Amino acid sequence: MKNKILIAAVILLAAGCSKLDSLTVVDDNASAKEKFRACAVSEAMNKVRNGTAFSQGLSAASDEIVNTCIKRLALQAAGIDSEAESMANNILSALMKNQ
């Protein structure tokens, strides 16, 4: 529940304050919590900017932001974040050719 409240607050702040851009940048030495916060702010701001922040409801938007950031941070920790989409596309393309 605390995460949902945090994400809701971030979304509301993102809608009203463009200075949150500075919160989306952290260095490599940042803690996992700071990296997650930066990711959540960035995702919330993207949703506000493209008009999808409230289209699916606050709880669903919060869950999506949390899941997106957890996946992104896990891929970064594994060292494959920049390769993940390309790798998935290559696998799907190969599977489609074999059908």
Side-chain angles (χ1 to χ4, degrees):
M1 184 67 180
K2 282 186 178 182
N3 284 342
K4 291 182 180 185
I5 293 171
L6 173 65
I7 299 301
V10 169
I11 290 172
L12 292 174
L13 287 172
C17 181
S18 63
K19 293 186 181 196
L20 287 176
D21 284 326
S22 64
L23 298 177
T24 63
V25 179
V26 293
D27 63 13
D28 291 336
N29 297 326
S31 69
K33 193 173 194 176
E34 290 170 328
K35 289 178 182 179
F36 179 82
R37 186 178 303 121
C39 178
V41 170
S42 177
E43 288 297 311
M45 289 174 60
N46 288 340
K47 286 186 160 301
V48 169
R49 286 180 182 143
N50 68 22
T52 62
F54 304 106
S55 62
Q56 58 192 16
L58 188 60
S59 181
S62 298
D63 288 344
E64 184 178 339
I65 289 170
V66 169
N67 290 331
T68 298
C69 291
I70 288 172
K71 288 176 188 176
R72 182 175 297 150
L73 294 172
L75 288 171
Q76 287 174 354
I80 58 172
D81 60 323
S82 61
E83 305 166 17
E85 187 173 353
S86 174
M87 191 181 307
N89 284 335
N90 290 340
I91 292 167
L92 289 172
S93 295
L95 290 172
M96 289 174 59
K97 289 179 185 176
N98 290 331
Q99 287 189 1

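Note that the structure is a prediction, hence the values are computed from the model and not measured.
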Checklist entry - After noting the C-alpha distance and the side-chain angles of Q76 and L73, does the key distance pass the side-chain contact (heavy atoms from CB on, under 4.5 Å) rule? => result CA-CA 5 Å; Q76 287 174 354; L73 294 172; 3.5 Å; yes
Checklist outcome for this item: Closest non-hydrogen contact found for A40 with C69 is N-SG, 3.4 Å
Checklist entry - Where is the tightest heavy-atom contact between D28 and K35, given as atom of each residue plus distance? => result O-NZ, 3.5 Å
Next on the checklist: Checking the side chain of S31 only, and the main-chain atoms of E34 only, is there a donor and an acceptor separated by less than 3.5 Å?
Outcome noted: yes
Checklist entry - Counting only heavy atoms not in M96, do more than 12 fall under 6.0 Å of its CE? => result no
Checklist entry - Taking atom CD of Q56 and atom CG of D63, what is their separation to the nearest 0.5 Å? => result 9.0 Å
Next on the checklist: To check you understand the geometry: which heavy-atom pair defines the closest contact between A61 and K47, and what is its length?
Outcome noted: O-CE, 4.3 Å
Item to check | Rounded distance [0.5 Å steps], OG1 in T52 versus CD in E64 | outcome: 7.0 Å
Checklist entry - Can you tell me if S42 uses its side chain to pair, donor with acceptor, with the backbone of A38 under 3.5 Å? => result no
